[in-house]
Q: 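This is the structure I want to talk about, given as structure tokens.
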Amino acid sequence: MMYILKKIGSILILFGIVAGILYYLSGLRNGVDDSAVSLSEQQELKIKSEKIFLNTKRISALSLNTSFFSDSSFKSLIDTRVPLPDVATGRVNPFDPVSP
């Protein structure tokens, strides 16, 4: 009797695995056809790439007026940067324990 129950259990498990594989391969996973999903993703990528292309065209169409740099008021500006002295940096490994 136990042998028959084990045999039936094995058959049911095997049937469940085969049914799961068939369900997965049939494309009925969420009621959505895979080709439809990939088509909409392709359309979305196409729209995004077209937007990037148009923005790139707009940027390359810009022209900057560089006459500002040849103006006398710009040339009269003085560089007021303060030179930073070279100082020793901190410890080589700041996570090492501090030893006295």
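If you read the sequence from its start, that first residue is 1, and numbering goes on from there.
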Q: What pairs with Arg91 under salt bridge (charged side-chain N to carboxylate O under 4.0 Å, His left out), at least two apart in sequence or on another chain?
A: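 Counting only residues at least two positions away or on another chain, Arg91 forms no salt bridge (charged side-chain N to carboxylate O under 4.0 Å, His left out).
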Q: With sequence neighbours excluded, what pairs up with Ser67 under the side-chain hydrogen bond (donor to acceptor under 3.5 Å, both in side chains) test?
A: Asn65
Q: Consider only side-chain heavy atoms of I, L, V, M, F, W and Y, link residues closer than 4.5 Å, and tell whether Phe53 and Leu45 are in one cluster.
A: no
Q: Under the salt bridge (charged side-chain N to carboxylate O under 4.0 Å, His left out) definition, can you give me all pairs with a residue in residues 57-79, not counting sequence neighbours?
A: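 Qualifying pairs, neighbours excluded: Asp79-Arg81.
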Q: Considering residues at least two apart in sequence or located in another chain, which fulfil the side chain to side chain contact (heavy atoms under 4.5 Å, CB included) criterion with Leu62?
A: none
Q: Could you list the residues that satisfy ring-ring contact (aromatic ring centres under 6.0 Å, His included) with Phe68, not counting sequence neighbours?
A: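 ring-ring contact (aromatic ring centres under 6.0 Å, His included) list for Phe68, sorted by chain: Phe74.
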Q: Can you list the residues that meet the side-chain hydrogen bond (donor to acceptor under 3.5 Å, both in side chains) rule with Glu44, with sequence neighbours excluded?
A: Lys48
Q: Are Phe69 and Leu77 connected in the hydrophobic side-chain network, where two residues link if heavy atoms are under 4.5 Å apart?
A: yes
